[in-house]
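What follows is a short report on a single structure.
Below, chains carry the letters A, B, ... as their sequence lines are ordered, and counting in each starts from 1. Fair warning: this is a prediction, and the values are worked out from it, not measured in the lab.
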Amino acid sequence: MAFLEIRNITKRFAGQAALEDVSADIDKGEMVCVLGPSGCGKTTLLRIIAGLETADSGSVYIDGGDCTSQPPGKRNFGIVFQSYALFPNMTVSDNIMFGLHRRRGLGREEMRARVDDVLGMVDLLEHRNKYPRQLSGGQQQRAALARAIAPAPSYLLLDEPLSALDAKVRVRLRGEIRGIQRALGITAVMVTHDQEEALTMADKIIVMNNAAVVQTGTPREIYDRPATPFVANFIGFMNFYPAPEGVCAIRPERIELTGATDGCDMVAEIKGFEFKGAVTRIHGVLPRQTEICVDVASEKADALDVRASDRMYLRIPKEHLLRYPASAAI
Amino acid sequence: MRRIFGQAGPAQLLILSALILSFTVTLIFPLFSLLSKAFFDKSGAFAGIRNYIDYFGTPSLSVSIRNTAEVSSVTAVFSVLLGLAYAYALTRTNIRGKAFFRYTALIPIFLPTVVHALGLVYIFGRQGILTGLGVETELYGRFGVILSEIIFTFPQAFLMFAVALEVADGRLYEAADSMGVSAVKRFFGITLPDIKYTVVNAFFVCFTLAFTDFGAPKVLGGGYNVLATDIYKQIAGQFNMNMGAVVGTLLLLPAVASFAVGQIVTGRNTSTVSSKATKLSVADNRPRDAVFFVFCSAVSACFLFLIAALCMGALTEYYPYNMAPTLRHFGFNASAGGIESYFNSLEMSLLTAVFGTAFVFVYAYMLEKTRGFDMLRRYGRLLSVLPLALPGMVVGVSFIFFFNARSNPLHFIYGTVVILVLSNILHYFSVPFVTATGSLKKLDREFESVSDSMSVIRVKTFLRVSLPLSLPAVLEIFMYYFVNSMVTVSAVVFLYGAKFKIASIAITHMEEAGDISQAAAMSLLILLINAAVRIAYAITANIIERKNL
Ligand SMILES: Nc1ncnc2c1ncn2[C@@H]1O[C@H](COP(=O)(O)OP(=O)(O)OP(=O)(O)O)[C@@H](O)[C@H]1O
Ligand SMILES: [Mg+2]
């Protein structure tokens, strides 16, 4: 039995479905990312797990117990919001202290020690007496994380914790959050619409679209075996082309360039090059005007000596080819 | 259970219900008493619209409607024009002394309306300063009342325009300048369309205030009857409760009309200033500044002259015959309430400010920061806007009808400070409520979620987070309640008890008894405390703001 079980949750706002029969299992100690486009219901799902929102139907089990109707205070979780929601009138340590009230066993001194503990974990010890407005975005984010983990919650909920930060800080914090989550062995559910974030951080990804779960799996499974064209396209880039019985799909980095004769599956006319650093993406068109992209290592692309309007010969490895029914929407 | 209570627990439902219930008892029940009195006769039999037929059939009564409408429309036109020009000077020109002009424009707010009228008596009355210099006016009657009402409503119009003109899209003006548009055309083409809703609103606010004011016509009306003095005569003079109720309902008309218009107006009033707007920089223009400087100086000189006249009356032996300085007028006659009435006013205003602020803020918090019980919440919101439509006279009269009924278990508060405080809290509820809601809306709505997640009780979150972060709004509400309670006459004139007279009423009585020097002295005391509270507020707000930078 999973640590966190979400069973057939449905939630509507004024008739409009935000979640439609959503189920998911989350194991103890796992880092799960809920990934999906804006408005697909990710935040709503997180708030229902938290008890901050009430589902219209369905249930939530935590550690085997039905907690569908428990108020948030009884569920023992920590939460970090996109806005951080740090109390601006309190210092960093007071923010953390605020939630430590009813660790009943703890005396004042032990509470202080706990504050130091978590501040050490997020590396904010020397900023403890600052007010939130005196911290950078990344520091505020870490302060919010420290506040969430201080009461030793049994699981952690994060709603787009990194989306307000700039790219560099974001990448560094991914590693820090993941490190703390591992060190504590705490179950975590993180909402994001950034596929790279989900791929790098998660043990398991739940992909959502239009108020429903489309696929659940490890980052590799999701990337290599996307269940639908939507997932395939939402995570990374995917080439689609028509085939006799449906639609075929292949990642651009899986396509191999070959000579005209030896094992070529398709021929495409080269339209242009897109230098992306380590790799170069070659844009081409198949007969019947289907676009196709091929990623090759940049130094290899230089060696190829091909130009626009040249032809390229492609080999499609069967083990990486995906097939979808023609009816599946992209 | 949870599906029933939704997000909020039973404790929250309990608090919300208690607040809404007490609001209903002090607002809806008394209003209902008023309405029912208007449709019943003296013996308690149902009268239908017979009271109204009687009213309109009595020319000495129904002429008041015409008079009141006349006073209010003239007042509103003048106040809107003056307030607009004054606010324009302070926001869109480079004149000197803006802070000084801003504060002098607020002087009338710190005084009861009877005092505006009293000041005019000192200036234009039979022994007035200007009368002595040969300025002949017909002060008592229409002219005096209108003049007094303009003084009363001008600050309101000015404040509304100052807010509206504060924001402007500088790009529009730069575009106009680059096209070589004339200043006049620019005003009518850009500025005025930008604030057209404020013009409508300000007109209605001034109209309604003048329509329902009691103080000025009480002092200056003479034989010129208006609705507010009529209702007082019917109720306090002739004990004709039913006719009083009829007049009370008539007093509601402009407020109801402006309410309807307000709904239409605000519905369309999506902010025209886009987020990309650049700050307006006011170009140098000497002739323009000179004109506005003269204008502002003239207006503020009038207000200062009014205060000077009061000082002269209060601080001289026997104006205009014996001008020796004295403080003897501050020894108030006991018959009008004595100095006791001043302390009573302070007590009442402090209580109003403390309990009013607490009630408004908790009420706004419960509506804004809890979830669930949508029906109750909607009703609560409706209640919060209703007082805006209620003139003080109507609050007062409906309170008598409701609380003075022998059968009412709350009858015991009648004639005590409690009913005065209640009526003030209710009468001035809407503006503080908007302030509180606005301030709470600015707080991150996840503060409550975070606290819930850490199982911190809501009371602690309220006291340690929401309340401290809203301190500026709380202080503003406190000040608003205090100042208004110090100067109000209309609601409390029906409700004060013989044992608990208050200063604003005492001024009315002193004036009636001919002790106008004492009335002037008492006015100065009110002005002093209100100015002190206002300054204390400004300083505290400043300190808080600087601390939060
Ligand atoms: N309190 C609410 N009242 C009404 N509708 C809501 C409410 N909360 C969410 N919704 C609607 O439910 C749908 C899902 O919202 P949700 O916030 O869960 O999306 P999301 O996946 O978190 O999106 P984003 O990535 O933009 O944060 C949206 O259509 C949203 O408009
Ligand atoms: Mg969201």
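- In this structure, chain B has no heavy atom under 4.5 Å from any part of A:Y131.
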Compile the donor-acceptor pairs under 3.5 Å between side chains in residues 349-357 of chain B and protein atoms, sequence neighbours left out, one pair per line.
unit_1: B:S349; atom_1: OG; unit_2: B:S345; atom_2: O; d: 2.8
unit_1: B:S349; atom_1: OG; unit_2: B:M486; atom_2: N; d: 3.3
unit_1: B:T352; atom_1: OG1; unit_2: B:M348; atom_2: O; d: 2.7
unit_1: B:T357; atom_1: OG1; unit_2: B:A353; atom_2: O; d: 2.4

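- Within 6.0 Å of atom NZ in B:K460, more than 12 heavy atoms from other residues, nucleotides or ligands are found, so the atom counts as buried in its surroundings.
- Across A:A85 and B:V450, no two heavy atoms sit closer than the pair CB-CG2, 3.9 Å.
- Only the backbone of A:L86 comes within contact range of chain B, judged by heavy atoms closer than 4.5 Å.
- Within the 4.5 Å cutoff, side-chain heavy atoms of B:F447 are placed close to those of A:P88.
- For chain B, the nearby part of A:F81 is the side chain; its heavy atoms alone come within less than 4.5 Å.
- For CD of A:Q16, the number of neighbouring non-hydrogen atoms (other residues, nucleotides, ligands) closer than 6.0 Å is 12 at most.
- Interface check for chain B: of the options A:N89, A:V80, A:I79, the most heavy-atom pairs under 4.5 Å are formed by A:N89.
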(request) Could you walk me through whether B:L469 and A:F87 pass side-chain contact (heavy atoms from CB on, under 4.5 Å), step by step? (result) CA-CA 9 Å; B:L469 289 176; A:F87 306 125; 5.7 Å; no
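- Using a 4.5 Å heavy-atom threshold, the side chains of A:M90 and B:R464 count as touching.
- The line from OG of B:S449 to CG of A:L46 is 10.5 Å long, rounded to the nearest 0.5 Å.
- Within the 4.5 angstrom heavy-atom criterion, only side-chain atoms of A:R47, from C-beta onward, approach chain B.
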